[in-house]
Asker: 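Below is one structure. I have some questions about it.
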Amino acid sequence: MSTTVDVDGREVKLTNLDKVLWPEGITKADLVAYYHQVAPYALPYLVGRPAVMSRYPDGIDGEYFYQKDCPSYVPDWIRTVAVRHDEGRRVVHYIVHQDRATLVWLANQAAIELHAWLSRVDHLKHPDIGVIDLDPAEGSTFQQVVTVALLVQEALTEFEITGFPKTSGATGLHIYIPLEPVSPFSEVTRALKTLAEMITAVCPFATIERVVAKRTGKVYIDYLQNTFGKTMASAYSVRPRPGAPVSMPLKWPDVERGGLNPDEFNIYTVLPLLREQGDAFRGFFDRRYRLNGLLEAKPLLENIQHWQEMSGSVPKNGSIYQEQ
């Protein structure tokens, strides 16, 4: 069964809408409907960015695959961009996120996640988003993830930089930083590595260890996502996990007050929350930053005693820190 619908003047063919993608009975029709409705909130962080499709034709418990090159049957109204990789030896033709119809078409391909580059097509080698990805290893807790996120937030504040937190849609948190697209990925990576190293120096359960087996009981601060061609699950992306969780933008007070439960943000709950509270990332690109100052890291060094007191603690009532 198939049908063709009009999405903002674009004809989008939809197929197999009754296909169950999640074991809870959530179907492709539910995914299509979600992305159609969430598009006004999600698109500001997607438009102009190459996409990588993570496709789950048999649902999240079936086989899946990542697809970089756009398929031959892509509609002619979908924007694409040819990108040279491996010093020009390989060319990939990416779909580019551009409008609501594109999101609906991707959902119909059972591309559950909205994977996007950290740079846009007009400055591919210069990201306009930097990201710190906090990933709890086995034996660590989400509360520890929250503590490390607050350390990152306070570090950025020392450098007069505003970071924007969101749930990963899995077990971690992402912190996004709006950037002026002037520095290459390598420089952004180097600056955020410096930040990560300073935090691991004062927080006993934070690590930048790349070997998974050596991270037990710690929160991995992943700064290596800031690499040319890598993608992140964007704001409001659904994730291929039980319950169809969503990568949900947050405000720092939501993180600071404790009790945050990432599982509460899913394909059914996010839209009502957005209608009630609006987009927590609103104004994200109003101010963009350069990360040059991070390479010196002097403010962190000057406040190392405060950082050591904070590590392992969770803020309560704003500036008062209590032991867990």
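As a basis for the values below, the full set of heavy atoms in this structure was taken, side chains included, without hydrogen atoms, waters or symmetry mates.
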Asker: Can you find a heavy atom in the side chain of Asp128 that is under 4.5 Å from one in the side chain of Leu118?
Answerer: no
Asker: Can you measure from CG (Leu274) to CZ (Phe265) and round to the nearest 0.5 angstrom?
Answerer: 10.0 Å
Asker: Please check this pair: side chain of Asn226 against backbone of Val188, looking for a donor-acceptor N/O pair closer than 3.5 Å.
Answerer: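 Here the side-chain-to-backbone pair does not exist.
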Asker: So if you build clusters from Ile, Leu, Val, Met, Phe, Trp, Tyr with side-chain heavy-atom gaps below 4.5 Å, do Ile95 and Leu31 land together?
Answerer: no
Asker: Is it true that Arg49 and Gln98 share a donor-acceptor pair across their side chains at a distance under 3.5 Å?
Answerer: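 Side chains of Gln98 and Arg49: no pair found under 3.5 Å.
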Asker: For Gln144, does its backbone N or O pair with a side-chain atom of Thr141 as donor and acceptor, under 3.5 Å?
Answerer: yes
Asker: Between the main-chain N or O of Arg210 and the side-chain N or O of Arg215, is there a donor-acceptor pair closer than 3.5 Å?
Answerer: yes
Asker: Got a sec: does the CD of Gln277 have more than 12 other heavy atoms crowding it under 6.0 Å?
Answerer: yes
Asker: So, applying side chain to side chain contact (heavy atoms under 4.5 Å, CB included) with Asp30, which one of Trp22, Tyr268, Tyr35 is it?
Answerer: Tyr268
Asker: Group every Ile, Leu, Val, Met, Phe, Trp and Tyr by side-chain heavy-atom contacts under 4.5 Å, then state whether Leu46 and Ile78 land in the same group.
Answerer: no
Asker: Any side-chain to backbone donor/acceptor pair from Asp99 onto Thr102? Under 3.5 Å, distance only.
Answerer: yes
Asker: When you compare the side chain of Val131 with that of Tyr223, does any pair of heavy atoms fall below 4.5 Å?
Answerer: no
Asker: Could you walk me through whether Phe164 and Ile175 satisfy the side chain to side chain contact (heavy atoms under 4.5 Å, CB included) test, starting with their C-alpha distance in whole Å, then the side-chain angles of each, then the deciding distance to 0.1 Å, before giving a yes or no?
Answerer: CA-CA 5 Å; Phe164 292 75; Ile175 299 170; over 6 Å; no
Asker: Hey, does the side chain of Glu209 reach the backbone of Lys214 with a donor-acceptor pair shorter than 3.5 angstrom?
Answerer: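 No; judged by distance alone, with no hydrogens or angles, the pair does not exist.
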Asker: Shortest non-hydrogen contact from Ala42 to Ala235?
Answerer: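 Minimum heavy-atom separation between Ala42 and Ala235: CB-O, 3.9 Å.
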Asker: Please evaluate residues Gln37 and Arg100 with respect to the criterion side-chain hydrogen bond (donor to acceptor under 3.5 Å, both in side chains), reporting the C-alpha separation (whole Å), side-chain torsions for both, the decisive distance (0.1 Å), and the verdict.
Answerer: CA-CA 9 Å; Gln37 294 176 76; Arg100 187 200 308 257; over 6 Å; no
Asker: Do His85 and Phe228 have ring centres separated by under 6.0 Å?
Answerer: yes
Asker: Given Glu180, which partner from the list Arg287, His126, Arg290, Arg288 fulfils the side-chain hydrogen bond (donor to acceptor under 3.5 Å, both in side chains) test?
Answerer: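 Passing option: Arg290.
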Asker: Is the number of heavy atoms from other residues, nucleotides or ligands within 6.0 Å of CD (Glu11) greater than 12?
Answerer: no
Asker: Is there a path from Trp117 to Val182 through hydrophobic residues (I, L, V, M, F, W, Y) whose side chains come within less than 4.5 Å of each other?
Answerer: no
Asker: Carefully, step by step, assess Leu192 and Ile177 under the rule side chain to side chain contact (heavy atoms under 4.5 Å, CB included).
Answerer: CA-CA 10 Å; Leu192 294 181; Ile177 305 165; 4.0 Å; yes
Asker: May I ask you to decide if Pro272's main-chain N or O and Glu276's side chain share a donor-acceptor pair within less than 3.5 Å?
Answerer: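 Checking the backbone N and O of Pro272 against the side chain of Glu276, no donor-acceptor pair under 3.5 Å is found.
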Asker: First locate atom CZ of Arg190, then atom CG of Leu291, and finally report the distance between them rounded to the nearest 0.5 Å.
Answerer: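 Separation between the atoms: 11.0 Å.
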Asker: From His174 NE2 over to Leu134 CG, what is the distance, rounded to the nearest 0.5 angstrom?
Answerer: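 So the NE2 of His174 and the CG of Leu134 are separated by 8.0 Å.
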Asker: Going by atom types only, do Lys13 and Thr4 share a side-chain donor-acceptor pair under 3.5 Å?
Answerer: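 No, no side-chain donor-acceptor contact under 3.5 Å.
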Asker: List the steps, then state whether side chain to side chain contact (heavy atoms under 4.5 Å, CB included) holds for Asp222 with Ile132.
Answerer: CA-CA 6 Å; Asp222 188 357; Ile132 290 286; over 6 Å; no
Asker: Is it the case that the ring center of Tyr64 lies less than 6.0 angstrom away from the ring center of Tyr56?
Answerer: yes
Asker: Hey, could you give me the CZ/CD1 distance between Arg239 and Ile267, rounded to the nearest 0.5 Å?
Answerer: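 Separation between the atoms: 13.5 Å.
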Asker: For Tyr176 and Phe281, take the angle between the two ring planes, folded into 0 to 90°, and tell me which bin it lands in: parallel under 30, tilted 30 to 60, perpendicular over 60.
Answerer: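 Tyr176 and Phe281: tilted rings.
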Asker: CZ of Arg55 to CG of Leu106: how many Å apart, nearest 0.5 Å?
Answerer: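 Answer rounded to 0.5 Å: 9.5 Å.
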Asker: What are the two closest non-hydrogen atoms of Ala206 and Lys218, and how far apart are they?
Answerer: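 Answer, listing the atom of Ala206 first, then Lys218: O-CD, 4.4 Å.
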Asker: Are the side chain of Thr167 and the backbone of Met248 linked by a donor-acceptor contact shorter than 3.5 Å?
Answerer: yes
Asker: With no hydrogens and no angle check, is any side-chain donor or acceptor of Ser237 less than 3.5 Å from a backbone partner on Leu114?
Answerer: yes
Asker: Sort out for me which residue in Asn266, Val238, Ile26 forms a side chain to side chain contact (heavy atoms under 4.5 Å, CB included) with Tyr34.
Answerer: Val238
Asker: Can you see which heavy atom on Gly163 is nearest to which on Trp252, and at what distance?
Answerer: O-NE1, 2.8 Å
Asker: Honestly curious: do Val96 and Val83 fall in one hydrophobic cluster under the side-chain, below-4.5 Å linking rule?
Answerer: yes
Asker: Classify the ring geometry of Trp105 against Tyr73: parallel below 30°, tilted from 30° to 60°, perpendicular beyond 60°.
Answerer: tilted
Asker: Less than 4.5 Å apart, any side-chain heavy atom of His115 and any of Ser54?
Answerer: yes
Asker: State, yes or no, whether a side-chain contact exists between Gln153 and Thr157 at a heavy-atom distance under 4.5 Å.
Answerer: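 The answer is yes; the side chains approach within 4.5 Å.
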Asker: Grab the two heavy atoms, one from Arg120 and one from Pro44, that are nearest each other, plus how far apart they are.
Answerer: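 Answer, listing the atom of Arg120 first, then Pro44: NH2-O, 3.6 Å.
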Asker: Using the rule given for side chain to side chain contact (heavy atoms under 4.5 Å, CB included), can you reason through Phe205 versus Val148, listing the C-alpha separation, both sets of side-chain angles and the distance that settles it, and then say yes or no?
Answerer: CA-CA 8 Å; Phe205 51 78; Val148 176; 3.7 Å; yes
Asker: Hey, are Tyr289 and Thr162 close enough side-chain-wise for a donor-acceptor pair under 3.5 Å?
Answerer: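 Present: a donor and an acceptor within the cut-off.
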Asker: For Lys166 and Pro249, work out which heavy atoms get closest and say how close.
Answerer: CB-CA, 3.5 Å
Asker: Step through the shown structure and confirm whether more than 12 heavy atoms of other residues, nucleotides or ligands are within 6.0 Å of NZ on Lys193.
Answerer: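 No, because the 6.0 Å sphere around NZ of Lys193 holds 12 heavy atoms or fewer from other groups.
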Asker: Could you report the tightest heavy-atom contact between Ala170 and Ser168, atom names first, then the distance?
Answerer: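 So the minimum-distance heavy-atom pair works out to N-OG, 2.9 Å.
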Asker: Is any side-chain heavy atom of Ser2 closer than 4.5 Å to one of Leu14?
Answerer: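 Result no, sub-4.5 Å side-chain heavy-atom pair not found.
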Asker: Check whether any side-chain heavy atom of Met232 sits under 4.5 Å from a side-chain heavy atom of Gln225, and report yes or no.
Answerer: yes
Asker: Find out whether Leu43 and Leu103 are in side-chain contact, i.e. whether some heavy atom of one side chain is under 4.5 Å from a heavy atom of the other.
Answerer: yes
Asker: How long is the span from the CG atom in Leu17 to the OG1 atom in Thr3, to the nearest 0.5 Å?
Answerer: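 Result: 7.5 Å between the selected atoms.
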Asker: Can you check whether Leu260 reaches Leu250 side chain to side chain, under 4.5 Å on heavy atoms?
Answerer: yes
Asker: State whether the side chain of Ser119 and the backbone N or O of Leu124 hold a donor-acceptor pair below 3.5 Å, judged by distance alone.
Answerer: yes
Asker: Are Ile208 and Val145 joined in one hydrophobic group, where the rule is that I, L, V, M, F, W and Y side chains link up if heavy atoms are under 4.5 Å apart?
Answerer: yes
